[in-house]
Chemist: 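Right, I'll just put the structure down here and ask away after.
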Amino acid sequence: MIQQLTIIGVGLIGGSLARALRVAGAVGEIVGAGRDEAHLQRAKELGVIDRYSLDPAAAVRGADMVLLAVPVGAMEAVMRAIAPALGADTVLTDAGSTKGSVIEAARQAFGELPANFVPGHPIAGTENSGVEAAFAELYRGRRVILTPTATSSPEAVARVREMWRAAGAEVTEMDAEHHDRVLAATSHLPHLLAFSLVGTLAKLDEKEEIFAYAAGGFRDFTRIASSDPQMWRDICVHNEPALLAMLDRFEADLRNLRQAIAGDDGDYLLKVFGRAKAARDRFCDRE
Ligand code: NAP
């Protein structure tokens with residue numbers, strides 16, 4: 001049971017955790033912080049938080065658990081702001097989509113990595129943002145990856161684990177570098193491709209007609225291009241090495257497909273498409 005949970009960034013991810021923990025009866029008071037009072041007021045009206053402050057340091061006072069759920073580019077500034085106000089026993093965790101950069105932000109903000117700091121990333125989300133989009137079931141049956149640092153204490157890790165389990169998630173651990181490589185492949189590259197494809201089509205003269213004829217396939221492929229641009233800008237620039245490595249591989253494979261089309265090599269296309277279908281069918285069966 002968490003006595004006081006402070007959430008900095010009460011949007012989809014922070015708000016959904018608040019809702020889930022309330023439903024589970026796993027939290028006492030929930031305090032929110034952010035930049036825009038109207039958003040925090042709305043979060044209070046919706047019953048997601050009990051009270052709020054525009055001052056992150058004031059919001060973390062008295063908390064036994066603090067979750068940072070702001071865009072990854074804002075993590076270091078928020079950590080600097082709360083550092084003087086964190087209690088000795090307060091556990092600090094985050095939900096950022098990149099882990100190496102958040103750990104580096106903590107190193108910069110705190111001077112050294114605190115024993116009570118446990119980086120994390122829920123593998124759950126939607127293309128919608130803000131507290132209005134938050135819902136209690138978001139984490140049910142979904143994975144949360146914790147990437148404890150060499151200095152994270154086992155007690156702090158256990159408390160963060162318990163929190164996510166109470167929200168319905170299955171908690172796993174991996175090192176931050178591995179996390180960033182896996183997520184570059186499964187999440188960051190697909191988002192980049194979706195934004196890129198829609199961006200290319202939106203520049204065409206006949207875009208009105210093209211979008212008017214867009215059918216299910218286009219919608220399936222590009223749904224995630226409706227995600228928040230600032231959040232995804234931050235993720236791409238904060239996972240640069242892993243994302244560039246994955247992008248290089250993708251570009252090479254795309255060039256091969258282009259060559260096959262130009263050279264009438266249907267066999268090559270069939271081989272690639274067949275392998276991709278088998279892989280996706282297998283993956284979907286497991287879900
Ligand atoms: P969101 O719905 O846009 O919420 C972000 C919240 O952060 C907003 O309430 C915003 O409130 C606040 N905020 C933004 N910049 C801030 C700053 N500089 N200082 C203080 N508060 C700030 O975004 P989200 O989808 O919940 O994402 C939050 C985090 O979770 C990100 O790090 C993201 O990478 C990660 N994540 C997202 C997903 C996903 O699918 N969406 C999945 C897993 C992890 P104000 O505008 O009022 O300040």
Side-chain angles (χ1 to χ4, degrees), residues 6-20 30-46 48-49 52-60 66-82 92-106 109 119-139 142-147 164 167 169 171-172 176 179-180 182-184 186-188 190-192 194-195 223-239 243:
T6 293
I7 299 175
I8 318 246
V10 191
L12 170 71
I13 294 298
S16 294
L17 180 65
R19 283 195 180 285
I30 306 181
V31 180
R35 297 163 306 177
D36 186 326
E37 184 157 15
H39 294 160
L40 293 165
Q41 185 57 41
R42 185 69 188 129
K44 195 173 162 201
E45 280 162 17
L46 290 169
V48 173
I49 56 175
Y52 62 82
S53 172
L54 289 169
D55 173 8
V60 302
V66 173
L67 172 79
L68 308 183
V70 298
V72 290
M75 292 285 181
E76 186 179 331
V78 170
M79 288 175 181
R80 281 186 193 281
I82 63 173
L92 174 65
T93 187
D94 78 291
S97 304
T98 60
K99 297 282 40 97
S101 80
V102 173
I103 292 171
E104 187 49 32
H121 178 204
I123 310 301
T126 72
E127 70 277 24
N128 303 316
S129 305
V131 71
E132 306 266 359
F135 58 103
E137 298 76 25
L138 178 61
Y139 304 115
R142 307 305 296 271
R143 287 207 172 133
V144 170
I145 302 172
L146 302 184
T147 62
W164 286 111
V171 183
T172 55
H179 166 279
D180 286 355
V182 171
L183 270 292
T186 56
S187 172
H188 308 168
H191 278 81
L192 189 73
F195 282 123
R223 174 183 62 79
I224 52 181
S226 289
S227 303
D228 183 61
Q230 188 205 335
M231 184 177 109
W232 281 97
R233 184 265 324 259
D234 280 12
I235 290 170
C236 290
V237 300
H238 285 88
N239 197 16
L243 183 53

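Order of listing sets the numbers, starting from 1, for every ligand and every atom in it. What you are looking at is a predicted structure, and each value in this text was computed from that prediction instead of being measured.
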Chemist: Is there a side-chain contact between R19 and L138 (heavy atoms, below 4.5 Å)?
Modeler: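 They are not in contact (no side-chain heavy atoms under 4.5 Å apart), so the answer is no.
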Chemist: Looking only at protein heavy atoms, identify the closest one to atom 46 (O) of ligand 1 and say how far it is in Å.
Modeler: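 Nearest protein contact, heavy atoms only, for atom 46 (O) of ligand 1 is R35 NH2, 2.9 Å.
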Chemist: Run the numbers for me: atoms of ligand 1, each under 4.0 Å from some heavy atom of A69, listed by number.
Modeler: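 Atoms satisfying the 4.0 Å criterion: 5 (C), 6 (C), 7 (O), 28 (C), 29 (C).
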Chemist: Quick one: nearest non-hydrogen protein atom to atom 35 (C) of ligand 1, plus distance?
Modeler: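 The closest heavy atom on the protein side is A95 O, 3.2 Å.
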Chemist: For N128 and ligand 1, does the shortest N/O to N/O distance drop below 3.5 Å?
Modeler: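 No, there is no polar N/O contact under 3.5 Å.
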Chemist: Would you say ligand 1 has an N or O under 3.5 Å from any N or O of L12?
Modeler: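 Looking only at distances, the answer is yes, because the N/O contact criterion of under 3.5 Å is met.
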Chemist: State the atoms of ligand 1, each with its element, that fall below the 4.0 Å cut-off from a heavy-atom position in G96.
Modeler: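 Contacts of ligand 1 toward G96, numbered from 1: 32 (O).
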Chemist: Considering only heavy atoms from C-beta outward, does the side chain of T126 approach that of F135 to under 4.5 Å?
Modeler: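 Yes. Closest side-chain heavy atoms under 4.5 Å.
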Chemist: So which of V31, D94, V60 actually passes side chain to side chain contact (heavy atoms under 4.5 Å, CB included) with I8?
Modeler: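 Of the listed options, the one satisfying the test is V60.
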Chemist: Among protein heavy atoms, which lies nearest atom 11 (O) of ligand 1, and at what distance?
Modeler: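 The protein heavy atom lying closest is H39 ND1, 4.0 Å.
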Chemist: Which atoms of ligand 1 sit under 4.0 Å from any heavy atom of G9?
Modeler: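 This gives 6 (C), 7 (O), 9 (O), 12 (C) as the contact atoms.
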Chemist: Heavy atoms only: give me the nearest I13-A124 pair and the separation to one decimal.
Modeler: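 Closest heavy-atom pair between I13 and A124: CD1-O, 3.6 Å.
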Chemist: L40 versus V10: any side-chain heavy-atom pair under 4.5 Å?
Modeler: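 Result yes, sub-4.5 Å side-chain heavy-atom pair found.
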Chemist: L183 and side chain to side chain contact (heavy atoms under 4.5 Å, CB included): which partner among L243, T98, I145, I235?
Modeler: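 The side chain to side chain contact (heavy atoms under 4.5 Å, CB included) with L183 is passed solely by I145 among L243, T98, I145, I235.
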Chemist: Answer yes or no: is there a side-chain heavy-atom contact under 4.5 Å between T6 and I82?
Modeler: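 The answer is no, as the side chains (C-beta and beyond) never meet within the 4.5 Å cut-off.
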Chemist: Would you check if the side chain of S226 reaches a backbone N or O of E127 as a donor-acceptor pair within less than 3.5 Å?
Modeler: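 The answer is no, because no donor-acceptor pair under 3.5 Å joins these two groups.
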Chemist: Is there side-chain contact between W164 and L17, with heavy atoms separated by less than 4.5 Å?
Modeler: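 In short, these two side chains touch, coming nearer than 4.5 Å.
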Chemist: Looking at ligand 1, would A124 count as a contact under a 4.0 Å heavy-atom criterion?
Modeler: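 Judged by the 4.0 Å heavy-atom criterion, A124 does count as contacting ligand 1.
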Chemist: Give the residue, atom name and distance (to 0.1 Å) of the protein heavy atom nearest atom 4 (O) of ligand 1.
Modeler: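 Scanning the protein heavy atoms, the shortest distance from atom 4 (O) of ligand 1 goes to G11 CA, 3.3 Å.
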Chemist: Around atom 34 (O) of ligand 1, find the nearest protein heavy atom and jot down its residue, atom name and distance.
Modeler: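 Of the protein heavy atoms, S97 OG, 2.6 Å lies nearest.
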Chemist: Search all heavy atoms of L67 against all heavy atoms of G14 and return the closest pair with its distance.
Modeler: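 Heavy atoms of L67 and G14 come nearest at CD2-CA, 4.0 Å.
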Chemist: Once the angle between the rings of H121 and H179 is folded into 0 to 90°, is it parallel (under 30°), tilted (30 to 60°) or perpendicular (over 60°)?
Modeler: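 Plane angle over 60°, so perpendicular.
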Chemist: Is there a heavy atom of D228 sitting under 4.0 angstrom from any atom of ligand 1?
Modeler: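 For ligand 1, residue contact (heavy atoms, under 4.0 Å) with D228 is absent.
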Chemist: Looking only at protein heavy atoms, identify the closest one to atom 23 (O) of ligand 1 and say how far it is in Å.
Modeler: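 Atom 23 (O) of ligand 1 sits closest to the protein heavy atom M231 SD, 4.1 Å.
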Chemist: In ligand 1, which numbered atoms sit nearer than 4.0 Å to a non-hydrogen atom of S129?
Modeler: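 Close to S129: 2 (O), 3 (O).
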Chemist: Taking all heavy atoms of D228 and all of S129, pick out the closest pair and write down the distance.
Modeler: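 Here D228 and S129 meet closest at CB-OG, 3.5 Å.
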Chemist: Nearest heavy-atom pair of V72 and S101: which atoms, and what distance?
Modeler: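 Nearest pair, atom of V72 first, then S101: CB-OG, 4.5 Å.
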Chemist: Which protein non-hydrogen atom lies closest to atom 18 (N) of ligand 1, naming both residue and atom, and how far is it?
Modeler: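 Here the closest protein heavy atom is A74 CB, 3.4 Å.
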Chemist: Please identify which atoms of ligand 1 are closer than 4.0 Å to at least one heavy atom of T126.
Modeler: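 Numbered from 1, ligand 1 contributes 40 (O), 41 (N).
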Chemist: Looking only at N/O atoms, are I235 and ligand 1 under 3.5 Å apart anywhere?
Modeler: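 Not met; the criterion fails.
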Chemist: Can you tell me if T98 has a non-hydrogen atom under 4.0 Å from ligand 1?
Modeler: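 In this structure, T98 fails to qualify as a contact of ligand 1 - no heavy atom is under 4.0 Å.
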Chemist: Which residue holds the protein heavy atom closest to atom 1 (P) of ligand 1, what is that atom called, and what is the gap in Å?
Modeler: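 Its nearest protein heavy-atom neighbour is G130 N, 3.9 Å.
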Chemist: Within ligand 1, which atoms have a heavy atom of V72 less than 4.0 Å away?
Modeler: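 Every atom of ligand 1 under 4.0 Å from some heavy atom of V72: 32 (O).
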Chemist: Taking distance alone, with N or O pairs closer than 3.5 Å, would you say H121 contacts ligand 1?
Modeler: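 H121 vs ligand 1: no N/O contact under 3.5 Å.
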Chemist: Would V70 count as a polar contact of ligand 1, with the cut-off being nitrogen or oxygen pairs under 3.5 Å?
Modeler: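 For ligand 1, there is an N or O atom that lies under 3.5 Å from one belonging to V70.
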